[in-house]
Amino acid sequence: MKKLEIKNHQKEKGQFLAANGAEFTVKEIIPAADVTKLHANFVEVEPGHFAYGYHWHELNEEVFYIISGTAAVRTQKGEEILRAGDAIAFPAGPEGSHVIRNASDTEKLVYLDIGAESPLEVAHFPEINKMLVVGPRTKGMTDEPAQ
């Protein structure tokens, strides 16, 4: 981080993202260009949608804190329902596999996504057989290697 940041999820403009069935809006707390040790974003998910897709990280741990709405978080152990004030932590590795979706029919889900930021990271998306590779000079999605 290069400077002190104070942000409010209701005032920030976001970037709408849609890929592989996921639809959500990300509002940066720490600008991506300034991220060196951790990332922090507000994420908004409309009813009937999910964010990012089911995945796990090779190196980075992640925490979601529910600000408003109702979330259904699928992990290797099943689905957990979270409400405003709840937090859930995901370890690195397959045991930290997760996807979050809006479990409400009417209310927007808003959560804080905080995570470690390694200089090189690989995130695996087993349901679509892809992996995301992010490094200082690269970012891209590719097919998982044959096992």
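Atom set for the values below is all heavy atoms of this structure, side chains included, hydrogens, waters and symmetry mates excluded. Owing to the predicted nature of the structure, the values given are computational and were not obtained by experimental measurement.
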Colleague: Report yes or no: do Val26 and Val45 belong to one cluster of Ile/Leu/Val/Met/Phe/Trp/Tyr joined by side chain heavy-atom distances under 4.5 Å?
Modeller: yes
Colleague: Under the rule for salt bridge (charged side-chain N to carboxylate O under 4.0 Å, His left out), what residues qualify as partners of Glu80, not counting sequence neighbours?
Modeller: none
Colleague: For residues 21-41, which residue pairs qualify under ring pair (Phe, Tyr, Trp, His ring centres under 6.0 Å), counting only residues two or more places apart or in two chains?
Modeller: Phe24-Tyr52
Colleague: Rounded to the nearest 0.5 Å, how far does NZ of Lys37 lie from CD1 of Ile30?
Modeller: 11.5 Å
Colleague: Same cluster or not: Ile128 versus Leu132, using hydrophobic residues (I, L, V, M, F, W, Y) connected whenever any side-chain heavy atoms lie under 4.5 Å apart?
Modeller: yes
Colleague: Listed by chain and number, what are the salt bridge (charged side-chain N to carboxylate O under 4.0 Å, His left out) partners of Glu46, not counting sequence neighbours?
Modeller: Lys108
Colleague: Would you indicate whether Asn129, at its atom CG, is surrounded by more than 12 heavy atoms from other residues, nucleotides or ligands within a distance under 6.0 Å?
Modeller: yes
Colleague: Look at the side-chain heavy atoms of Ile, Leu, Val, Met, Phe, Trp and Tyr, link any pair under 4.5 Å apart, and say whether Phe64 and Val110 land in one connected group.
Modeller: no
Colleague: Would you say the side chain of Leu82 lies within less than 4.5 Å of the side chain of Leu109, judging by non-hydrogen atoms?
Modeller: no
Colleague: Sorted by first residue and then second, give each side-chain hydrogen bond (donor to acceptor under 3.5 Å, both in side chains) pair with at least one member in residues 12-23; sequence neighbours left out.
Modeller: none
Colleague: With sequence neighbours left out, write down each residue that passes ring-ring contact (aromatic ring centres under 6.0 Å, His included) with Phe125, or none if nothing qualifies.
Modeller: His55
Colleague: Under the rule for side chain to side chain contact (heavy atoms under 4.5 Å, CB included), what residues qualify as partners of Pro47, not counting sequence neighbours?
Modeller: Asn102
Colleague: Output side-chain donor-acceptor pairs under 3.5 Å for residues 135-143, partner residues at least two apart or in another chain, one line each.
Modeller:
unit_1 : atom_1 : unit_2 : atom_2 : d
Asp143 : OD1    : Lys130 : NZ     : 2.6

Colleague: Looking at residues at least two apart in the chain, or sitting in another chain, which of them share a salt bridge (charged side-chain N to carboxylate O under 4.0 Å, His left out) with Arg74?
Modeller: Glu127
Colleague: Using a 4.5 Å cut-off between side-chain heavy atoms of Ile, Leu, Val, Met, Phe, Trp and Tyr, which other residues end up in the same hydrophobic cluster as Val99?
Modeller: Phe50, Tyr54
Colleague: Locate the shortest heavy-atom distance separating Ala72 from Ile81; write the atom from each residue and the value.
Modeller: CB-CD1, 3.8 Å
Colleague: Of all the heavy-atom pairs spanning Ala84 and Ser68, show the shortest one and how long it is.
Modeller: CB-CA, 4.2 Å
Colleague: Output, in order, the C-alpha distance, side-chain angles, deciding distance and verdict of side chain to side chain contact (heavy atoms under 4.5 Å, CB included) for Val43 and Leu17.
Modeller: CA-CA 10 Å; Val43 182; Leu17 301 171; over 6 Å; no
Colleague: So, for Ala103 and Ala71, which heavy atoms are closest and what is the spacing to 0.1 Å?
Modeller: CB-C, 4.1 Å
Colleague: How long is the straight-line distance from CD of Glu117 back to NE2 of His57, given to the nearest 0.5 Å?
Modeller: 9.5 Å
Colleague: Is any side-chain heavy atom of Glu62 less than 4.5 Å from a side-chain heavy atom of His98?
Modeller: yes
Colleague: Any side-chain to backbone donor/acceptor pair from Asn8 onto Gln10? Under 3.5 Å, distance only.
Modeller: yes
Colleague: Kindly indicate whether the side chain of Leu120, heavy atoms from C-beta on, has any atom under 4.5 Å from the side chain of Ser118.
Modeller: no
Colleague: According to salt bridge (charged side-chain N to carboxylate O under 4.0 Å, His left out), who are the partners of Glu5, at least two apart in sequence or on a separate chain?
Modeller: Lys7
Colleague: Quick one: CZ on Phe16 to CD on Glu44, what's the gap to the nearest 0.5 Å?
Modeller: 11.5 Å
Colleague: Leu112: which residues meet the side chain to side chain contact (heavy atoms under 4.5 Å, CB included) condition with it, sequence neighbours left out?
Modeller: Ile29, Phe42, Tyr65, Ile67, Ile114
Colleague: Name every donor-acceptor pair, under 3.5 Å, that has one atom in a side chain of residues 85-97 and the other anywhere in the protein, sequence neighbours excluded.
Modeller:
unit_1 : atom_1 : unit_2 : atom_2 : d
Asp86  : OD2    : Arg83  : N      : 2.8
Ser97  : OG     : Pro94  : O      : 2.7

